[in-house]
Amino acid sequence: MKVNEYYRASSLEDAYQKLQASPKNAILAGGLWMKKMGQSYDTIIDLSKLGLDKIEDKKDEVVVGSMVTQRDFENSKIVSFLYAGAPAFAVREVMGVNFRNLATIGGSIMGRYPFSDVITGLLPYDVELEFYPAQKMSLEEYLNYKGKMNAILVAVHIKKGEGKGYFKKVKTTALDFPIVNIAVSKVSGEYRVVVGARPMVAARSYKAMEYLNNGGKDFAKAAELAVEELSFMDNKDSSKEYRVDLAKVYVRRGLEEVSK
Ligand SMILES: Cc1cc2nc3c(=O)[nH]c(=O)nc-3n(C[C@H](O)[C@H](O)[C@H](O)COP(=O)(O)OP(=O)(O)OC[C@H]3O[C@@H](n4cnc5c(N)ncnc54)[C@H](O)[C@@H]3O)c2cc1C
């Protein structure tokens, strides 16, 4: 990665002005993906002094600052209470502890990585992204948003609810990217089904959800509906067929788990 200038922002407005100054300027979070990609930047804008590294327990939601590290997220007692700990568990599946001490929740979401365990782990729930300048959109809307968001992610709002979640990452070795990842939830009696790393970015299966939420009880059938609806592809890590087989098994198991 080549960088001309490192800039430590003093406020969100300051960071935003700097970001607008050139298309070659970028926000710096943990810097891990930026470093791996090896791109050139004019100015990288560090948000580390803006107090965005807090997790707050509000009445109806948990608010996670964009600079919260993956490690702080997974270890947070507040987060561990959410949905039987499934979102925290999803983040715990990324690389090793030293890595997660640096990688942030904000950087994980803004990249919309097709392999993301963090995004798959959050997508079954009502999750809203708060940006600067003031704008809010759901995580799902952000994943479907065309083009680059020229804004700063401030916080991730995770709605609280009564229910249980499930997350499964299938990987070849402990530190690998996922071959596929699956998240399922049952919150206030409503099922949600998400499959990611297909190898495309996570998406909900609305056909499976419609079947289940209209009284469908056959979890194997719901899993079939999910793999019919969502597209899967080959890449160097796995064939399309293997991904489909894995998704069918783990969607079914996830539904069994959250229904207990
Ligand atoms: C070797 C390697 C292996 C990985 N394996 C996995 C894996 O198995 N599973 C998984 O889920 N993830 C994996 N990741 C991704 C990782 O979990 C993080 O999501 C990634 O490193 C980005 O987080 P970061 O804090 O390093 O962000 P950065 O690299 O600092 O930033 C990433 C992007 O987001 C932008 N950005 C960051 N914060 C903001 C903000 N607040 N507002 C606006 N834009 C922002 C940056 O400008 C940049 O474009 C891997 C990454 C690496 C490098």
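For ligands, and for the atoms within them, numbers begin at 1 and follow the listed sequence.
No side-chain N or O of Tyr211 forms a donor-acceptor pair with one of Asp218 less than 3.5 Å apart. Arg100 and Asn75 form no side-chain donor-acceptor contact under 3.5 Å, judged by distance and modelled atom types alone. Side-chain polar atoms of Gln17 and Glu13 form a donor-acceptor pair below 3.5 angstrom.
Proximity of Ala151 to ligand 1 is established by a heavy-atom distance of less than 4.0 Å. Ligand 1 lies less than 4.0 angstrom from a heavy atom belonging to Gln70. Not a single heavy atom of Leu52 sits under 4.0 Å from any atom of ligand 1.
Of all atoms in ligand 1, listed by their number and element, those nearer than 4.0 Å to a heavy atom of Val118 are 11 (O). Distances below 4.0 Å separate heavy atoms of Asp176 from the following atoms of ligand 1: 8 (O). Residue Trp33 approaches ligand 1 through these ligand atoms, each under 4.0 Å from one of its heavy atoms: 20 (C), 21 (O), 22 (C), 26 (O), 29 (O), 51 (C), 52 (C), 53 (C). Taking every non-hydrogen atom of Ser66 and a distance limit under 4.0 Å, the qualifying atoms of ligand 1 come out as 41 (N). Atoms of ligand 1 lying under 4.0 Å from at least one heavy atom of Ala103, given by number and element, are 25 (O). Ligand-side atoms of ligand 1 in range of Leu47: 41 (N), range being under 4.0 angstrom from any heavy atom.
At the top of the distance list for atom 24 (P) of ligand 1, counting protein heavy atoms only, stands Gly30 N, 3.6 Å. The protein heavy-atom contact nearest to atom 51 (C) of ligand 1 is Phe99 CZ, 3.3 Å. Taking atom 48 (C) of ligand 1 as the reference point, the nearest protein heavy-atom neighbour is Met34 CG, 3.8 Å. Nearest non-hydrogen protein atom to atom 1 (C) of ligand 1 is Lys36 CD, 3.8 Å. Of the protein's heavy atoms, Leu153 N, 2.9 Å lies nearest to atom 42 (N) of ligand 1. In this structure, the protein non-hydrogen atom closest to atom 39 (C) of ligand 1 is Ile27 CG2, 3.6 Å. Nearest protein heavy-atom neighbour of atom 32 (C) of ligand 1: Tyr113 OH, 3.2 Å. Scanning the protein for heavy atoms near atom 26 (O) of ligand 1, the closest one is Leu32 N, 2.9 Å.
The N/O atoms of Leu102, backbone and side chain alike, include none that comes under 3.5 Å of an N/O atom in ligand 1. Between Met110 and ligand 1, no N or O atom pair is found at a separation short of 3.5 Å. Between Ala26 and ligand 1, no N or O atom pair is found at a separation short of 3.5 Å. Considering backbone and side-chain atoms together, Lys169 places an N or O closer than 3.5 Å to an N or O of ligand 1. For ligand 1, the polar-atom distance check against Ala29 finds a nitrogen or oxygen pair separated by under 3.5 Å. Residue Ser108 places at least one N or O, backbone or side chain, under 3.5 Å from an N or O of ligand 1.
Under 4.0 Å from ligand 1, not a single heavy atom of Met67 appears.
Distance check, rounded to the nearest 0.5 Å: CZ of Arg198 to OG1 of Thr120 gives 8.5 Å. Here CG of Asn25 is found 11.0 Å from OH of Tyr41. Values are rounded to the nearest 0.5 Å.
Across the listed options Gly31, Ala197, Gly106, Gly31 owns the non-hydrogen atom lying nearest to atom 30 (O) of ligand 1. In this comparison of Asp117, Asp46, Thr104, the heavy atom closest to atom 7 (C) of ligand 1 sits on Asp117.
No cation-pi contact links Arg192 to Tyr125, judged by a cut-off of 6.0 Å to the six-membered ring centre and 45° from its axis.
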